[in-house]
Participant: 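Got a structure for you, written out below as structure tokens; questions coming shortly.
Quick note on labels: first sequence line is chain A, next is B, and so on, each numbered from 1.
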Amino acid sequence: MGNEFLPLLYSFHFYLFGLLAIAAALAFVTRKSPVAAAMWLITTMFALAALYVMMDAQFIGVMQVLVYAGAIMVVFVFVVMLLNLGHPSEISDIRGKWGRLIAGFLGIALLAEILALTRDPMDLRLVVPVIPATVNGTGGIIGGVAGPLFREYLLAFELTSILLLIAIAGAVVLGRKRSAADAR
Amino acid sequence: MTFDLSIPSQLMQALTPELVLMAGAMILMLGAAWKSESAEHQRRIGYGSIGVLLLTLATVLWFNSRGLSSGPGVIAVDGFRFAADSLFILGALGTVMLGIEYNGREGIWSAESHVLVLFATSGMMIMAAARDLMIVFLGIEMMSIAVYVLAGMNRRSPRSAEAALKYFLLGAFSTGFLLYGIALVYGSTGSTNLTTISEHIVQYKLGHQSMLLIGIGLLLVGFAFKVAAVPFHMWAPDVYEGAPTPITAYMAAAVKAAAFATFLRVWRESFDLLDFAWLVPLWWIAAATMVYGNVVALAQRNVKRVLAYSSIVHSGYLLVAIAAGTSSGSAAFLFYLLAYTLATFGAFAVVCAMSRAGDRDLEITDYEGLWRVRPGMAIGMAVCMLALLGFPVFGGAGFWSKVYVLAAAEATPFRHLVPLTVLLVLASVISAGYYLQIVRVMFMKPRPEGAPDPAPMGTMTRVVLAVSVVLVLLVGLVPARVIGWARENQPAPPKALSAAKAP
């Protein structure tokens with residue numbers, strides 16, 4: 001998705017996702033209900049992922065969705081659920097006439113966009129996918145991430161593993177069932 | 001020997017002391033999980049940790065004596081790193097030794113408490129070595145996460161849990177500042193490497209770029225949080241009070257030393273040329289820290305809280321050494337850290353020994369007449385208090401550390417550091433109010449009727465106290481040799497900076 005082909009479409013999407021990310025982040029910090037806040041955070045994550053993809057960092061974009069919007073947010077919501085913090089009546093933020101109108105407008109806009117793209121003169125025929133590794137001989141999209149990770153950032157990478165080990169050990173120590181000595 | 005850090009095997013060799021400590025910590029972690037919790041197992045792992053720390057200390061000293069250096073890379077191999085490392089290991093040794101006996105008394109049977117100290121220390125060593133903001137960040141997190149857990153180690157004490165949670169939340173908050181600062185610095189200079197950052201600042205004349213200045217400001221806030229400088233100190237007193245006493249000593253001495261060592265390296269190696277950008281905020285932070293910390297410490301009645309505010313005050317003094325910025329500033333800084341670490345551990349050894357199960361008897365009034373029942377403890381505490389105050393002769397190294405900081409600040413070209421030195425002296429005078437109060441109470445008040453005698457000190461606690469006191473006095477007798485050692489071991493400002501400063 002380069003900006004040289006469709007500059008208008010590119011900048012439209014940049015502002016769409018950028019504003020969406022900012023608005024969702026604002027909503028995230030102002031919500032009272034933790035569940036609603038979590039949902040807004042997921043929206044922020046998705047908008048950021050879209051921005052990453054627009055910057056040609058597809059791998060980071062996919063990771064953003066998988067790791068942040070997926071795994072981490074599930075844990076958040078899970079904790080909220082276990083602590084029983086959410087009240088069902090407060091979850092929905094899209095209430096009232098204007099809320100519905102804006103939500104409906106966004107939905108229709110995105111739908112119209114997809115329809116417009118299918119009618120576009122762009123060549124959308126199915127092509128045999130090219131294996132990324134053969135594109136430029138450097139390991140494709142992921143090679144750009146993996147190469148530096150194991151060369152320039154090798155130490156940082158290894159230190160992160162120690163950091164995670166410390167975090168796990170700490171969590172186990174604090175979360176362990178109280179021993180006989182503690183129960184005294 | 002010069003390490004070529006772009007080759008992984010040489011990078012690994014350059015990190016040998018850290019690897020020794022990490023490997024030892026991992027083995028001990030397995031050992032800790034091997035048997036169920038018991039007082040005996042906790043003690044055994046504690047002795048193992050002491051062994052690992054001594055081995056690491058030997059490696060560090062051996063590395064330091066070989067005069068190693070390194071090419072450009074993510075870590076530094078220089079004397080400053082090894083000198084700082086030996087201070088951290090000294091602190092960790094004191095913590096484990098105090099911890100073995102303290103944990104036994106308080107019923108903290110998690111053997112992992114010692115292992116986490118080792119892990120935190122390895123994070124500190126990474127911080128002292130880091131020459132890349134990414135490694136700085138990872139080192140800080142390794143240290144902080146371990147210490148968050150350590151603060152909450154006493155699971156029967158609600159205050160310990162409160163301390164851990166407070167420390168965790170505010171620590172995470174400060175990490176956000178630090179990371180945002182790193183991101184902005186990266187955004188404006190295009191690098192996270194300290195040397196490259198300074199080169200790019202000179203080369204592309206980024207000195208007045210607002211993104212860089214905001215980034216530096218956020219980094220300053222992040223570091224000020226970690227060293228508990230006013231106005232980013234609010235977590236410190238509660239956390240220091242609630243955490244188990246040996247961990248409080250560790251936070252007051254080693255954690256602070258590590259944060260300061262990184263602070264100094266980042267400032268000296270990257271932003272030295274931009275002194276106009278950070279000197280003014282640093283000036284105000286140092287001034288506020290010295291004044292506020294001292295005044296509030298006067299009102300404290302709990303010894304742990306007094307020491308917490310005292311550690312905030314000492315952050316202010318150390319910031320003066322950093323603001324001086326010259327090589328004599330960094331030498332004074334190392335000397336100060338040494339004296340401060342020793343005096344802090346001596347004082348906390350006494351606090352550990354004085355308190356009874358459940359961390360009671362920590363009020364200043366509980367120290368009344370200590371001289372009559374436990375003269376050794378009273379003398380040790382008095383020397384440490386005088387050292388923290390900076391009293392001549394009896395305060396030993398503490399006096400000289402302040403002298404060197406003042407001399408370094410006076411000798412800089414920045415004339416506006418002079419009011420700061422005046423403030424430092426005045427602040428020290430105010431601090432006499434609470435340090436001498438403790439000494440007075442111990443020696444001049446009678447022991448109150450019916451006050452229980454404090455239990456005799458355990459062997460380990462006694463060793464920590466004796467070593468700290470003897471070293472404080474000894475360093476006070478030969479300060480010139482120690483400051484010479486500190487002068488040899490300091491971060492070298494990169495060539496780009498010295499070249500740009502020369503004309």
Side-chain angles (χ1 to χ4, degrees), chain A residues 18 21-22 25-26 28-29 34 37-38 41 44-45 48 51-52 55 57 60 64 67-68 72 75-76 79-80 83 85 144-184, chain B residues 5-6 8 11-12 14-15 18-19 22 25-26 29 32-33 36-39 42 73-75 103-104 106-113 115-116 118-120 122-123 126 129-130 132 134-135 137-150 152-156 161 164 168 192-193:
Chain A
I22 294 172
L26 278 177
F28 160 57
V29 292
L41 187 55
T44 315
M45 298 294 182
L48 284 181
L51 286 175
Y52 288 141
M55 286 190 285
I60 306 284
Q64 176 83 10
V67 176
Y68 285 91
I72 292 181
V75 175
F76 271 28
V79 170
V80 170
L83 295 177
L85 291 172
V145 177
L149 191 61
F150 288 98
R151 279 191 220 112
E152 288 96 319
Y153 303 117
L154 178 66
L155 182 62
F157 181 72
E158 296 294 344
L159 286 180
T160 311
S161 63
I162 301 270
L163 176 62
L164 292 178
L165 178 71
I166 296 173
I168 294 169
V172 170
V173 168
L174 283 187
R176 193 162 43 194
K177 218 169 77 178
R178 283 166 179 240
S179 63
D182 289 335
R184 223 169 27 187
Chain B
L5 298 177
S6 55
L11 179 66
M12 215 170 95
L15 280 170
E18 283 81 357
L19 292 178
M22 285 174 192
M26 282 184 216
M29 192 170 74
S36 57
E37 292 183 355
S38 70
Q42 177 267 123
V74 289
I75 59 159
N103 289 359
E106 296 285 325
I108 304 172
W109 288 355
S110 295
E112 283 87 355
S113 61
V115 179
L116 284 169
L118 298 193
F119 274 126
S122 70
I126 294 289
D132 189 295
M134 233 188 282
I135 309 291
F137 173 72
L138 284 169
I140 289 181
E141 282 308 287
M142 282 169 72
M143 172 187 84
S144 303
I145 288 182
V147 179
Y148 299 149
V149 177
L150 285 169
M153 212 63 207
N154 190 352
R155 290 195 298 163
R156 273 177 300 153
F168 172 65
T192 53
N193 190 291

Participant: Taking it one step at a time, do A:Leu155 and B:Leu15 satisfy side-chain contact (heavy atoms from CB on, under 4.5 Å)?
Facilitator: CA-CA 10 Å; A:Leu155 182 62; B:Leu15 280 170; 3.3 Å; yes

Participant: Shortest non-hydrogen contact from A:Ala156 to B:Leu138?
Facilitator: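 Looking at all heavy atoms of both residues, the closest pair is O-CD1, 3.3 Å.
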
Participant: So for B:Leu150, is it side chain, backbone, both, or neither that comes closer than 4.5 Å to the heavy atoms of chain A?
Facilitator: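 Contact with chain A: none, neither part.
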
Participant: Measure the shortest side-chain to side-chain distance between A:Val173 and B:Met153 over non-hydrogen atoms and say whether it is less than 4.5 angstrom.
Facilitator: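 A side-chain contact exists here, since the closest heavy-atom pair is under 4.5 Å.
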
Participant: Not counting sequence neighbours, which residues clear ring-ring contact (aromatic ring centres under 6.0 Å, His included) with B:Tyr148? List them please.
Facilitator: B:Tyr167, B:Phe168

Participant: Heavy-atom distances under 4.5 Å only: say whether A:Leu154 touches chain B with side chain, backbone, both or neither.
Facilitator: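 When you check distances to chain B, only side chain atoms of A:Leu154 fall under 4.5 Å.
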
Participant: Does a donor on one side chain sit under 3.5 Å from an acceptor on the other, for B:Ser6 and A:Arg151?
Facilitator: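 B:Ser6 vs A:Arg151: no donor-acceptor pair found between side chains.
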
Participant: Taking all atoms of both residues into account, what is the closest heavy-atom pair of A:Gly175 and B:Arg155, and its distance?
Facilitator: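 Closest pair (atom of A:Gly175, atom of B:Arg155, distance): C-NH1, 4.4 Å.
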
Participant: Is there a side-chain contact between A:Ile162 and B:Met26, using heavy atoms and a 4.5 Å cut-off?
Facilitator: yes

Participant: Side chain, backbone, both or neither: which part of B:Met12 has a heavy atom under 4.5 Å from chain A?
Facilitator: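 The answer is neither part of B:Met12.
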
Participant: Between B:Met22 and A:Leu159, which heavy-atom pair has the shortest distance, and what is it?
Facilitator: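 So the minimum-distance heavy-atom pair works out to CE-CD2, 4.0 Å.
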
Participant: Between A:Glu158 and chain B, with a heavy-atom cut-off of 4.5 Å, which part of the residue counts as in contact: side chain, backbone, both or neither?
Facilitator: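 Neither part.
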
Participant: Name all residues meeting the side chain to side chain donor-acceptor pair (under 3.5 Å) criterion together with A:Thr160; count only those two or more places apart in sequence or in a different chain, and write none if there are none.
Facilitator: none

Participant: Non-hydrogen atoms of chain B under 4.5 Å away: do they reach the side chain of A:Leu165, the backbone, both or neither?
Facilitator: side chain

Participant: Measuring heavy-atom distances to chain A, does B:Ile126 have an atom under 4.5 Å in its side chain, in its backbone, in both, or in neither?
Facilitator: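 Just its side chain gets close to chain A.
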
Participant: Under 4.5 Å heavy-atom distance to chain A, tell me which part of B:Met142 shows up: side chain, backbone, both or neither.
Facilitator: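 Answer is both: backbone and side chain atoms of B:Met142 are under 4.5 Å from chain A.
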
